[in-house]
Novice: 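First the structure, which I've put down as structure tokens, then a few questions once you've had a look.
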Amino acid sequence: MEKMNTKEDFLKRFEAAKQRKHEMVENMKEDITVEYEKIHGEKPKSFFVL
């Protein structure tokens, strides 16, 4: 018999996924900043993250 997921289990996994997404977005912003500085010689003024 399969284990039923409780609301607490779901919320724990959901929060962990949100944290991983946040870290991924921060890493992407850092990479974009480095590339932009190489090309333009200055920091980007804003980010649009979809």
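Here, residue 1 is the first one in the sequence, and each next residue gets the next number. Heavy-atom basis, side chains included; hydrogens, waters and symmetry copies ignored. Bear in mind that the values here come from a model prediction, so they are computed numbers and not experimental data.
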Novice: So Tyr36 and His40, would you call those rings parallel, tilted or perpendicular, with 30° and 60° as cut-offs?
Specialist: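 Geometry flag for His40 against Tyr36: tilted rings.
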
Novice: Between Lys18 and Glu15, does any side-chain N to carboxylate O distance fall below 4.0 Å?
Specialist: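 Yes.
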
Novice: Run the salt bridge (Lys or Arg N to Asp or Glu O under 4.0 Å) check on Glu23 and Arg20 step by step: do they pass?
Specialist: CA-CA 5 Å; Glu23 291 169 1; Arg20 286 192 306 270; over 6 Å; no

Novice: What distance separates Glu8 CD from Lys12 NZ, expressed to the nearest 0.5 Å?
Specialist: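 It is 8.5 Å, given to the nearest 0.5 Å.
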
Novice: Starting at CG of Asn27, measure out to NE2 of His22 and round the result to the nearest 0.5 Å.
Specialist: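 Reported value, rounded in 0.5 Å steps: 9.5 Å.
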
